[in-house]
There are 2 protein chains.
Amino acid sequence: MSRCLNYPDQIAEHTRLKVQDAVEALGYSPNFGARAMAVRRTNTIGAIIPTMENAIFARGLQAFQEELRRHGFTMLVASTSYRPDIEEEQIRTLVARGADALLLIGHERAPEIYDFLDMQGVPSLVTWAFDEDAKRPSVGFDYAAAMHEMATKVIDLGHHKLGLISAEVAWNDRAGARLLGLQRAMTSLNTGDLQVIETKYGIEERAVAFDLMMRSGPRPTAVFCGNDVLAMGALRRAANWESISQTTFRQLGLMTLNLHILLSQP
Amino acid sequence: MSRCLNYPDQIAEHTRLKVQDAVEALGYSPNFGARAMAVRRTNTIGAIIPTMENAIFARGLQAFQEELRRHGFTMLVASTSYRPDIEEEQIRTLVARGADALLLIGHERAPEIYDFLDMQGVPSLVTWAFDEDAKRPSVGFDYAAAMHEMATKVIDLGHHKLGLISAEVAWNDRAGARLLGLQRAMTSLNTGDLQVIETKYGIEERAVAFDLMMRSGPRPTAVFCGNDVLAMGALRRAANWESISQTTFRQLGLMTLNLHILLSQP
DNA sequence: TTGAAAGCGCTAACAG
DNA sequence: CTGTTAGCGCTTTCAA
């Protein structure tokens with residue numbers, strides 16, 4: 001029977017048909033776990049992302065999945081809500097489930113986790129982050145450079161009081177790199193006034209972040225947001241602040257892919 | 001060893017420690033497949049959605065997953081790109097992987113699939129759709145009623161030339177119900193002019209749909225969109241049509257949760 | 001409290 | 001080409 005399903009060409013016509021009939025009649029479905037155990041391989045790649053609520057991850061996974069499918073692989077997803085402890089748990093879970101390899105977001109995690117993966121012989125690919133020097137392969141962007149370039153441009157426009165609404169930086173090298181790029185630009189251009197607000201991803205937290213920034217300390221004339229999700233949260237809240245020009249705002253409403261928000265004249 | 005990990009209290013202290021040490025030293029990780037095979041149960045629920053690109057599904061799954069986790073269950077996700085054949089494949093895959101139950105989107109699928117699930121003894125829950133009469137449990141909304149109510153309101157505002165940008169209706173009971181609700185409202189209010197455009201979910205297709213609607217036939221004064229993703233696509237394109245008032249448009253830009261787009265005065 | 005062994009569903013190797 | 005069997009890693013009896 002096993003041969004019949006896996007190497008149908010090595011089987012005599014009539015035997016194959018007999019088996020096929022039985023399969024249909026019995027509603028047979030192969031048991032993946034048993035197969036995996038026998039061949040010691042699952043053709044499965046595990047992917048662990050912070051959250052599916054950020055479309056950037058959801059879309060990335062969708063594409064990854066389709067590509068894997070094309071090559072006969074299956075993707076297993078898990079999400080961590082940006083919590084390192086949950087991530088570790090998910091990694092262990094996926095390895096236990098026999099993932100042949102793992103897709104991970106960002107480089108930053110406890111070394112024991114990498115040791116664990118090494119012992120288990122499970123290869124991993126880091127994405128949404130790139131580091132030449134890392135021991136593992138990675139593919140991603142240079143967030144620090146991107147942020148540096150953007151900040152330079154904004155500062156050149158005359159903005160000196162800047163704000164950054166960022167995801168929590170701890171264990172998030174993307175957020176860290178963006179902050180770094182911004183700080184570097186400010187240093188090299190001798191601009192000193194930066195207000196950083198770290199926020200969680202909840203609806204409420206995101207909304208509050210913008211108000212907080214506008215209310216506390218010297219009000220920035222330009223606010224950067226670490227990503228689209230944060231930007232949308234800030235945008236919605238910005239609508240309540242009359243100092244923000246309608247035109248600018250309307251344009252921004254369309255630029256959902258934009259990473260920064262300009263507020264008023266410097 | 002098995003006992004040690006599963007019923008540690010039935011084990012003598014020193015034996016347990018010995019095992020624990022070995023676990024650490026060897027970097028042991030339990031094999032999920034083997035366990036599942038032995039206990040004939042995976043504590044895993046499979047979830048199959050059309051696409052993760054629609055945030056409504058992604059967010060729903062995120063919540064579902066967190067709740068499952070809380071109860072010691074794991075979620076396995078798969079997506080179908082709205083293709084019935086892929087959905088069937090994914091269902092079989094998840095069943096093969098030993099999913100204890102399945103979460104499915106919408107009721108509409110080939111009866112053989114339900115037969116298959118019955119034979120395998122895999123229970124399923126249908127969501128994003130509700131049907132009292134269905135043999136399976138389901139939880140969802142009454143799209144037809146919602147669309148009916150909305151359409152009635154819009155028609156009352158004086159709009160008679162209506163448009164609907166919809167996902168492909170085949171095998172998608174949500175899209176079907178929305179169309180039905182719209183048609184019913186029009187019938188009962190004696191309004192006859194409806195132009196329907198079905199579109200795929202690709203970026204390009206979505207953008208084209210709106211232009212197509214504006215160019216062909218009697219131009220509608222109100223366009224409904226089946227969901228947020230379609231609405232955003234239409235909105236972006238609508239920006240190019242000058243007949244659309246800026247004010248309306250700006251408001252709409254903010255109402256990303258809105259299901260319909262009003263265009264011009266009726 | 002521990003050791004031993006059967007068996008979960010499958011594949012691969014070997015013999016016929 | 002087909003039948004048979006060992007063994008994948010685990011749990012669960014059953015004995016000791």
Side-chain angles (χ1 to χ4, degrees), chain A residues 1-46 72-74 76 89 91-102 116-122, chain B residues 1-46 72-74 76 89 91-102 116-122:
Chain A
M1 185 276 263
S2 175
R3 263 191 304 255
C4 215
L5 267 38
N6 295 301
Y7 313 96
D9 39 315
Q10 294 173 23
I11 302 285
E13 176 80 6
H14 82 283
T15 334
R16 216 187 53 230
L17 291 177
K18 230 164 45 181
V19 172
Q20 236 167 52
D21 286 352
V23 164
E24 305 251 322
L26 270 26
Y28 168 83
S29 165
N31 181 315
F32 175 85
R35 163 172 241 277
M37 202 151 81
V39 299
R40 323 177 63 68
R41 174 186 169 92
T42 58
N43 271 32
T44 291
I45 309 291
F73 277 73
T74 307
L76 251 39
E89 182 189 318
I91 289 177
R92 291 186 188 277
T93 303
L94 287 180
V95 168
R97 274 179 184 270
D100 292 333
L102 251 38
F116 170 73
L117 289 175
D118 286 342
M119 300 203 73
Q120 296 292 323
V122 176
Chain B
M1 186 278 261
S2 174
R3 262 190 306 252
C4 214
L5 267 40
N6 295 301
Y7 314 96
D9 38 315
Q10 294 172 23
I11 301 284
E13 175 81 6
H14 83 281
T15 334
R16 214 186 55 230
L17 292 177
K18 229 165 44 180
V19 172
Q20 236 169 52
D21 286 352
V23 163
E24 304 251 322
L26 270 27
Y28 168 83
S29 163
N31 180 314
F32 175 84
R35 163 171 241 279
M37 201 152 84
V39 300
R40 321 176 64 69
R41 173 186 171 91
T42 58
N43 271 33
T44 292
I45 309 292
F73 277 73
T74 307
L76 250 39
E89 182 189 318
I91 289 177
R92 291 187 188 277
T93 303
L94 287 180
V95 169
R97 276 181 182 267
D100 292 333
L102 251 38
F116 170 74
L117 290 176
D118 286 342
M119 301 202 72
Q120 296 293 322
V122 176

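Throughout, protein chains are lettered first and strands after them, A, B, ... in sequence-line order, and every chain is numbered starting at 1. Worth knowing before you read on, the calculation uses all heavy atoms, side chains too, and leaves out hydrogens, waters and symmetry mates.
Annotation: side chain of A/Leu102 is in contact with side chain of A/Val95 (closest heavy-atom distance under 4.5 Å). Taking the side chain as every heavy atom from C-beta outward, A/Leu117 and A/Ile91 approach each other to under 4.5 Å. For the pair B/Arg97/A/Thr44, a side-chain contact is recorded, criterion being any heavy-atom separation below 4.5 Å from C-beta on. Looking only at side-chain heavy atoms (C-beta outward), A/Phe116 and A/Val122 stay at 4.5 Å or farther from each other.
Pairs of residues two or more places apart, or lying in two chains, that qualify as side-chain hydrogen bond (donor to acceptor under 3.5 Å, both in side chains) and include a residue from residues 24-39 of chain B are B/Asn6-B/Arg35.
Against DNA chain D, the stretch residues 34-43 of chain A makes heavy-atom approaches under 4.0 Å through A/Met37, A/Ala38, A/Arg40. Less than 4.0 Å separates DNA chain C from at least one heavy atom of each of the following residues of residues 3-22 of chain A: A/Arg3, A/Asn6, A/Tyr7.
Extent of DNA chain D lying under 4.0 Å from chain A heavy atoms, first and last nucleotide in 5' to 3' order, is D/dC1 to D/dG9. With a heavy-atom cut-off of 4.0 Å to chain B, the contacted part of DNA chain C has its first and last nucleotide at C/dT1 to C/dG9.
Here the closest heavy-atom approach between residue B/Gly46 and residue B/Ala99 is recorded as N-CB, 3.9 Å. Listed here is the closest heavy atom pair of B/Gly72 and B/Asn43: O-ND2, 3.4 Å.
Partners of B/Arg16 under the salt bridge (charged side-chain N to carboxylate O under 4.0 Å, His left out) rule, at least two apart in sequence or in another chain, are B/Glu13. Residues satisfying the side-chain contact (heavy atoms from CB on, under 4.5 Å) criterion with A/Ala101, sequence neighbours excluded, are A/Ile45, A/Pro123. In terms of the salt bridge (charged side-chain N to carboxylate O under 4.0 Å, His left out) criterion, residue partners of A/Arg92 (sequence neighbours excluded) are, by chain and number, A/Glu88. Not counting sequence neighbours, the partners of A/Glu89 by the side chain to side chain donor-acceptor pair (under 3.5 Å) test are B/Arg69. Not a single salt bridge (charged side-chain N to carboxylate O under 4.0 Å, His left out) links B/Asp100 to another residue, sequence neighbours left out. Taking A/Arg41 as the reference, nothing meets the salt bridge (charged side-chain N to carboxylate O under 4.0 Å, His left out) condition, with sequence neighbours excluded.
Judged by distance alone, the side chain of A/Thr42 and the main-chain N or O of A/Ala36 form no donor-acceptor pair under 3.5 Å. Put simply, the side chain of B/Gln120 gets close to the backbone of A/Gly27: a donor and an acceptor are under 3.5 Å apart.
Over its length, the helix from C/dT1-D/dA16 to C/dG16-D/dC1 turns its helix axis by 40°, as judged from the five terminal pairs at each end, rounded to 10°.
Within the 4.0 angstrom heavy-atom criterion, only backbone atoms of the sugar-phosphate kind lie near A/Tyr28; the bases stay farther away.
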